[in-house]
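Okay, handing you the structure first.
Sequence lines set the chain letters: A, B, ... in the order given, protein chains first and strands last, and positions in each chain run from 1.
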There are 2 protein chains.
Amino acid sequence: MGKIEEAIKQSEFKDSYNKVVVNLLYTHSYLVGFQTAVLKPMDLSPEQYNVMRILRGQQGKPATIAAIQERMLNTMSNASRLVDKLKAKDLVKREECPENRRKVDVLITEKGLRLLELLEPEIVAINKKVIHLEEAELILLNGLLDKLRG
Amino acid sequence: MGKIEEAIKQSEFKDSYNKVVVNLLYTHSYLVGFQTAVLKPMDLSPEQYNVMRILRGQQGKPATIAAIQERMLNTMSNASRLVDKLKAKDLVKREECPENRRKVDVLITEKGLRLLELLEPEIVAINKKVIHLEEAELILLNGLLDKLRG
DNA sequence: TTTCAATTGATGTATATACATTTATTGTAG
DNA sequence: CTACAATAAATGTATATACATCAATTGAAA
């Protein structure tokens with residue numbers, strides 16, 4: 001694979017900003033591809049997986065749709081319909097919030113937790129395999145991305 | 001904005017690999033949001049814009065659908081339908097390739113080129129504004145992303 | 001030459017994103 | 001209390017992705 005110029009067969013970029021944007025979009029697509037491949041046999045999309053991890057992070061406490069939305073990687077998306085899909089597979093449950101009937105309490109089920117446990121080692125393995133960076137570089141990269149966003 | 005932990009309200013990550021993946025996905029969404037905002041008034045999606053830049057890069061030579069696909073940031077996507085949309089707006093033209101009727105020659109139009117020229121300074125400006133990195137950091141980041149993919 | 005595989009693109013379907021709009025519920029000002 | 005604004009989620013629509021499949025054309029082997 002190597003340099004972004006070879007990857008997308010573009011010899012020059014307007015400036016380093018533009019090059020970083022293109023490089024990030026391309027690397028994003030590279031990573032999501034592997035994640036999708038691991039999740040697909042379990043009939044999960046990357047975003048459904050993300051929602052499940054958010055719910056597990058609640059450690060038993062329910063999360064509202066708005067709370068899930070806020071933690072999602074793709075802002076302004078559609079937690080409501082993702083929860084629908086997960087509920088249809090019995091991976092989450094959704095209950096009307098008793099003290100405020102506008103809200104909805106969403107919880108991960110036992111089945112959902114078991115699926116996450118099953119997937120975790122695979123995800124860890126694929127990440128290690130396809131991310132060709134050492135620990136120090138990972139930390140550096142995380143720092144740069146944090147700084148990028150200000 | 002700051003650290004990824006605050007951004008998505010997650011206090012810990014399994015390992016640095018996982019953190020880099022989440023950070024990349026989140027930063028991707030951050031950047032695409034701004035790009036979309038600039039392109040939207042012109043009725044262009046980020047991927048349509050990408051296809052137009054690929055065609056401009058051909059410098060007058062036509063590109064087949066397969067050639068466009070190969071250079072796109074999202075692999076395995078759908079250049080055929082994106083070209084359709086752009087053609088409907090007269091931003092590209094599509095002609096049957098004379099020496100091989102399976103192929104299609106796609107070219108950017110004058111109108112397309114003018115639109116790109118109009119958008120370019122806006123894109124450059126927004127990139128500079130929302131990417132809070134200096135030149136040396138941009139180069140470092142590009143290098144890390146290239147190395148990540150191996 | 002005829003047949004069949006390979007190539008190229010178009011199309012179909014499910015999923016997800018990005019927004020706008022709608023519905024239901026709650027809270028509050030008059 | 002009533003009317004209306006604010007909140008929370010659901011729904012509608014257009015766009016795009018990720019694949020699978022289909023159709024047309026080409027090229028090559030029998």
Checklist entry - Rounded to the nearest Å, what distance is computed from the CG atom of residue Leu31(B) to the P atom of nucleotide dT17(C)? => result 17 Å

Return the polar atom pairs (N/O with N/O) between nucleotides 4-7 of chain C and the protein under 3.5 Å, or none.
from	atom 1	to	atom 2	distance (Å)
dT7(C)	O2	Arg102(B)	NH1	3.0

Checklist entry - In terms of side-chain geometry, is the basic nitrogen of Asp90(A) or Lys87(A) positioned less than 4.0 Å from the acidic oxygen of its partner? => result no

Checklist outcome for this item: Walking DNA chain D from its 5' end, the first of Pro46(B) and Thr36(A) to be reached, judged by nearest nucleotide, is Pro46(B)

Item to check | Salt-bridge present (Lys103(A), Glu96(A); N to O < 4.0 Å) | outcome: no

Item to check | Gln69(B) CD to dA18(D) P, straight-line distance once rounded to whole Å | outcome: 10 Å

Item to check | Nucleotide nearest Val104(B) when distance is taken to its side chain, options dA10(C), dC19(D), dT25(C) | outcome: dA10(C)

Item to check | Proximity to the side chain of Thr64(B) - top-ranked nucleotide from dG9(C), dT25(C), dT15(C) | outcome: dG9(C)

Checklist outcome for this item: Nearest-nucleotide check on DNA chain C, Gln48(A) vs Asp105(B); residue mapping nearer the 5' end is Asp105(B)

Item to check | Gap between atoms CD and C1', on Glu96(A) and dA24(C) respectively (whole Å) | outcome: 10 Å

Checklist outcome for this item: 5'-most contact on DNA chain C (nearest-nucleotide basis), Gly33(B) vs Lys85(A), goes to Lys85(A)

Checklist entry - Between Phe34(B) and Tyr30(B), does the ring centre distance come in under 6.0 Å? => result yes

Next on the checklist: Is it the case that the base of dG9(C) and the side chain of Arg81(B) share a donor-acceptor contact (distance under 3.5 Å, atom types as modelled)?
Outcome noted: no

Next on the checklist: Looking at every heavy atom in both Asn18(A) and Asp15(A), which two are closest together, and how far apart are they?
Outcome noted: N-OD1, 2.7 Å

Checklist outcome for this item: From OH of Tyr49(B) across to C1' of dT15(D) the rounded distance in Å is 19 Å

Checklist entry - Met72(B) has an atom CE; how far is it from atom P of dC19(D), in whole Å? => result 14 Å

Next on the checklist: Under 4.0 Å, counting only non-hydrogen atoms across every strand here, what does Asp84(A) touch: a base, just sugar-phosphate, or nothing?
Outcome noted: nothing

Next on the checklist: Strictly below 4.0 Å, N to O, side chains only: are Asp146(A) and Arg149(A) in salt-bridge contact?
Outcome noted: yes

Checklist outcome for this item: Taken to the nearest whole Å, CG/Asn78(B) to C1'/dT13(C) is 12 Å

Checklist entry - Whole Å only: how far is the CG atom of Asp43(B) from the C1' atom of dA14(D)? => result 11 Å

Next on the checklist: Salt bridge check, Lys93(B) against Asp105(B): does any charged N sit closer than 4.0 Å to a carboxylate O?
Outcome noted: no

Item to check | Value rounded to 0.5 Å, distance of CD in Glu70(B) from OG1 in Thr64(B) | outcome: 8.5 Å

Checklist entry - Mapping Ile65(A) and Glu99(B) to their closest nucleotides on DNA chain D, which lands nearer the 5' end? => result Ile65(A)

Checklist entry - Between Arg101(A) and dA24(C), does any side-chain N or O lie under 4.0 Å from OP1 or OP2? => result no

Checklist entry - Whole Å only: how far is the CD1 atom of Ile68(A) from the P atom of dT17(C)? => result 13 Å

